[in-house]
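All remarks here apply to the structure that follows.
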Amino acid sequence: MQISFIPFDYSSFDWQGRNYVAVIGRDDKGKRACIVDSFEPYFWAVLKDGVSSKKTDELQKKIEKIKVEMPGRTTVVEKTELCKKKFLGNDVQAIKVFITNYKDAHAVADKMGFPEIEARREYDISFITRYIIERKLIPLSWHKISGELVGANDFGGIETGLDVDICLKAEKIEIQEKSDDKKFSPKIMAYDIEADEFEIGKGEIVMISMFSGNFKKVLTWKKSPAKTDYIEYCKDEADMLEKFAGHIKKESPDLLVGYFSDGFDLPYLRARAEHNRVKLALGLDGSQPTFARGRIPSGKIFGIVHVDLLRFIETVYSQYLQSETLSLNEVATELLGESKKNFEFKHSRKIKEHEWKDYFEYNLQDSVLTYKLAEKFWYDMLEFSKIIQEPLFDITRDGMSQLVENHLLHNLDRFNEIAEKRPLHDEIEHRRGREKYEGAFVFQPTPGLYENLAFFDFTGMHSSIIISFNLSKSTLLDKKEKNCYESPELELEGKKTRFYFSKKEAFFPALLKEIFEIRKGYKKELKENPDPIKKARSNAYKLLANASYGYLGFFGARYYSVEAAASTLAFVRKYNKEIIDKVNKAGYPVIYADTDSVAFSLGKKTKTEALELLKKLNSELPGIMELELEDFYKRGIWVTKRTGEFGAKKKYALITEKGKLKIRGFETVRRDWCRLARELQNQVLHKILTEGNEKSALEYVKNVIKKVKDRKADKKEILIRTQLKKPISEYKSITPHVIAAKKMEEAGMPVDVGMLIEYFIAETHETKKLVREKVKLPDEKGEYNIKYYLEHQIVPAVENILEVFGISKDELLGKEQKKLGEF
DNA sequence: GTTAAGGCCATACC
DNA sequence: ACCGGTATGGCCTTAAC
């Protein structure tokens, strides 16, 4: 029989010592299907140059005798094939080594230490990735699958107890052209738990909420008078866990989405199920969730894609968010305009009868928000999965470099390339230990207020350089050749040098070019005709292109190349400086520049003239490099560093003619300054940039200073928030936020790595000199320290800005110091 | 015991 | 371990007196 099929979940299983995959998806009528499939697993032995055909024959025979015994199975080399391939861009002879079980690829490769073999490769590619490459069953794309129905006794009875409508053994897989036209909306269910303790498994789970659009439910085993349609009372915790699994089976979602659920909800559920000795049968085959090890364990459920939305947002979207943390509340407020319900967390013992209803609502709301965010990010997940060709489960958890690498792996066969290996421990250590290479150039600005500015910047500068000069590991030459690309002079490991790159087409720059051009196309289409799918697709290509440069210098990369990374930056410096020179010579004084941008004064020249200059600059750029207008600005301000008289880099504020502010680097945009200082600075910048002088700003500053002195500042405005980046015990330097974290721990509050620690600086006894000795938690009794807030928050936030107008630090401080003495 | 340099630390820019 | 280097600035630690 034949079906239309869209795959979204991939798992592997062994039967009679061989590997199989079970792919879960839907057909075009919305029925759930499982495709059982397999392929002949293999890896590669790349031969040294000039091995004779006689030697090759002998070698193949030797390899074909290899056998490894494993508990419960025997893997042999089934057959070998001699092929013409490419490895790092070079033509090579390679032996394709087919083996019984892919799990033993490494063990077989280990037995192949023959002198004719240059390298053994591709035994370290994940089985699912390998499967997708071999059989081209692309995640979230429509396929036509023909095959036989799987019977009750096939594959050790996998079909029995598998909750699907159709189970097919694939024979032929064809991708459907124009599959884009066919819509697929997955059934999404969001979930959230509330527990009595934050430590995984330590307390009891009090309630579980679920939401999937038309289905809403809060399960609890606590007794309360609250009665609403969605509350379901259970006998005890064990009963609640089983009912949870029951509802998931009945509702049958494709995606089960949580927020921080890899780190909290799912492991907690698993731990409580174990504690209660019940089975948490969430998988379509009745299996329990499993956890893949990693920096953060990843919770996998057979047949249902478990997505921890936080992880996806972290890697692909956090750079676009204004939110200071990625908490569900902040992210939902920013993206949905909807927030969590107010409920002050407490142990269930302490919850009063009438409060339970609020607690249930709170719990449900978390699922509702998670669900709405998942809907919002669906197109992004879909596009990433389709473009990278990796399952949803993986693309929602991979870091940017992993995404870049997987995109490469899925496209290497188009170049007949054998993949490079993943670096091993020693190699990683070595890479991490190397000296840093020189980065981009940042222009030293002259402090001042400027009028009528233009900003130019390079579009995708790093990518366009990698593409234009064919930079990569496989194009790096040992020495200068005729007709090659030559990097500008650069310093690496203390030596001045240059690198040379071949002009021959190579997979890394070629694939990047493809990404770059496709993105350009979608960006243009999007301008003319916006739609969310195109937007998500354009963004996915953009992120992929932007991460490619970082990938070159990432120690974990298969195609790591310091030479290519350092050369990229040498070109970045060269072209940024060249543009600065040319802009200056054209009669526009350059005010500032950083990496890929240049800001300059228009003076008496017009915008049209500036755009003419842009055209001219572009005509002189090599390859696909391109400079574009970022914007014109009415005014801009640059200030001095706190120490010294030079202009501070990466710190400026601009205003457009329409009055839109662009603030970079100032305390206003830093989350570790108190709100009062940030808001004050924001107002001061706004006033100065709108009005062109400091008059009303100065007035405003004085009022705030008075407010602080009169103790009129609100507690919320003076709280300082700093992130705890590692466990308290690992801090060498005990800073105020570490003290605050310690205090929280003592008070029995949860303290986790990654948390934003809130505190304020209080009035204390004179003998306490250090700032950390004055630290108090928000709820602690005490007045804020007037001297500290004036001298360390309020004045520092504005002194450098007012200094531009000749209001010196001494003047500002001197005036205030006398008054400060009163306290 | 005081002070200044250096280091640790968090955060931002691109 | 999960993209790079450049830069600011606060506060603590430590060396030198």
Side-chain angles (χ1 to χ4, degrees), chain A residues 293-296 298 311 314-316 319 324 394 397-406 422-423 425 428-429 431-432 434-445 457-458 460-462 543-557 560-562 564-566 568-570 572-573 576 592-597 630 639-644 646-652 662-673 677 720-726 730-739 756-757 761 769-775 788 791-793 796-797 800:
Chain A
R293 339 181 258 286
R295 193 169 47 96
I296 308 157
S298 303
R311 293 183 70 173
E314 253 175 358
T315 44
V316 315
Q319 59 166 329
E324 281 168 21
D394 302 272
R397 289 172 173 81
D398 286 345
M400 275 322 293
S401 269
Q402 195 65 57
L403 294 174
V404 170
E405 186 156 289
N406 283 331
R422 203 187 288 141
H425 185 264
I428 289 180
E429 287 297 295
R431 290 177 183 184
R432 298 190 74 195
R434 67 145 173 81
E435 268 181 48
K436 287 215 250 181
Y437 45 84
E438 193 183 342
F441 171 73
V442 188
F443 187 91
Q444 174 90 63
D457 60 16
F458 283 93
M461 191 185 205
H462 297 73
L543 288 174
L544 214 51
N546 288 349
S548 292
Y549 154 70
Y551 174 83
L552 285 178
F554 168 49
F555 53 78
Y560 171 84
S561 171
V562 225
T568 307
L569 283 178
V572 166
R573 288 191 295 276
N576 194 20
Y592 186 61
D594 185 347
T595 312
D596 61 352
S597 70
E630 197 260 339
V639 301
T640 58
K641 293 211 298 176
R642 186 91 67 230
T643 50
F646 294 111
K649 298 172 177 181
K650 298 185 185 290
K651 226 175 157 178
Y652 58 90
K662 178 177 169 179
I663 300 179
R664 291 291 118 101
F666 275 110
E667 284 76 2
T668 297
V669 299
R670 294 182 61 95
R671 68 175 183 192
D672 56 350
W673 280 68
I720 296 167
R721 312 205 294 168
T722 313
Q723 192 180 28
L724 192 72
K725 306 271 265 190
K726 53 190 174 189
E730 282 175 28
Y731 278 89
K732 287 193 183 105
S733 175
I734 309 304
T735 49
H737 82 293
V738 176
I739 290 296
L756 272 191
I757 307 294
I761 305 304
K769 292 263 160 50
L770 293 172
V771 177
R772 67 165 177 233
E773 292 170 321
K774 305 176 204 285
V775 164
Y788 175 84
E791 290 182 4
H792 294 262
Q793 296 274 333
N800 294 71

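Chain A is the first sequence line, chain B the second, and so forth, proteins listed ahead of strands; every chain is numbered from 1.
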Sugar-phosphate, base or nothing in reach of A/Ala440, heavy atoms under 4.0 Å: sugar-phosphate
Set of residues satisfying side chain to side chain contact (heavy atoms under 4.5 Å, CB included) with respect to A/Lys649, sequence neighbours excluded: A/Val442, A/Gln444, A/Pro445, A/Tyr592
Length of the CZ-C1' vector between A/Arg431 and C/dC2, whole Å: 13 Å
Qualifying residues under side chain to side chain donor-acceptor pair (under 3.5 Å), relative to A/Arg311, sequence neighbours excluded: A/Asp262, A/Ser298
Reading 5' to 3' through nucleotides 9-17 of chain C, protein heavy-atom contacts under 4.0 Å coded B for base, S for sugar-phosphate only, - for none: SSSSS----
Start and end of chain A contact along DNA chain B [non-hydrogen atoms, under 4.0 Å]: B/dC8 to B/dC14
Nearest-angstrom distance from the residue atom CE of A/Met400 to C1' of C/dA1: 17 Å
Sequence-distant partners of A/Asp398, salt bridge (charged side-chain N to carboxylate O under 4.0 Å, His left out), two or more places apart: none
For A/Thr735, all residues meeting side chain to side chain donor-acceptor pair (under 3.5 Å), sequence neighbours excluded: A/His737
Whole angstrom value for the distance that separates P of C/dG4 from CD of A/Glu435: 17 Å
Sugar-phosphate only, base, or nothing, as touched by A/His462 at under 4.0 Å among non-hydrogen atoms: nothing
Interatomic distance, A/Lys650 NZ vs C/dA7 P [rounded to whole Å]: 7 Å
Sugar-phosphate, base or nothing in reach of A/Arg434, heavy atoms under 4.0 Å: sugar-phosphate
Distance in angstrom units between A/Leu552 CG and C/dC3 P, rounded: 14 Å
Tabulate below the donor-acceptor pairs under 3.5 Å that side-chain atoms of residues 545-556 of chain A make, not counting sequence neighbours, or state none.
unit_1: A/Ser548; atom_1: OG; unit_2: A/Leu544; atom_2: O; d: 3.0
unit_1: A/Tyr551; atom_1: OH; unit_2: A/Glu405; atom_2: OE1; d: 2.4
unit_1: A/Tyr551; atom_1: OH; unit_2: A/Arg558; atom_2: N; d: 3.3
unit_1: A/Tyr551; atom_1: OH; unit_2: A/Tyr559; atom_2: N; d: 3.2

Degree of bending in the helix from B/dG1-C/dC17 to B/dC14-C/dG4 once both end axes are built from five pairs, to 10°: 10°
Separation of C/dG4 P from A/Gln319 CD (nearest whole Å): 15 Å
Sugar-phosphate, base or nothing in reach of A/Phe441, heavy atoms under 4.0 Å: nothing
With sequence neighbours excluded, residues passing side chain to side chain donor-acceptor pair (under 3.5 Å) with A/Glu314: none
Sugar-phosphate only, base, or nothing, as touched by A/Tyr652 at under 4.0 Å among non-hydrogen atoms: sugar-phosphate
Test: A/Arg721 and A/Asp672 ion pair at under 4.0 Å: no
Short side-chain N/O contact from A/Arg664 to OP1 or OP2 of C/dT6, under 4.0 Å: no
Nearest-Å distance for atom pair NZ/P, residues A/Lys436 and C/dC3: 16 Å
Spacing of A/Asn576 atom CG relative to C/dG5 atom P, expressed in whole Å: 18 Å
Evaluation steps, side chain to side chain donor-acceptor pair (under 3.5 Å), between A/Gln402 and A/Arg397: CA-CA 9 Å; A/Gln402 195 65 57; A/Arg397 289 172 173 81; over 6 Å; no
Touch class at under 4.0 angstrom, heavy-atom based, for A/Gly665 against every strand present: sugar-phosphate
Sugar-phosphate only, base, or nothing, as touched by A/Tyr437 at under 4.0 Å among non-hydrogen atoms: sugar-phosphate
Side chain to side chain donor-acceptor pair (under 3.5 Å) partners of A/Glu429, counting only residues at least two apart: none
Contacts of A/Lys774 that satisfy salt bridge (charged side-chain N to carboxylate O under 4.0 Å, His left out) - sequence neighbours left out: none
Whether over 12 other heavy atoms sit under 6.0 Å from A/Lys732 NZ: no
Contacts of A/Ala797 that satisfy side chain to side chain contact (heavy atoms under 4.5 Å, CB included) - sequence neighbours left out: A/Ala677, A/Gln681
Touch class at under 4.0 angstrom, heavy-atom based, for A/Gly439 against every strand present: sugar-phosphate
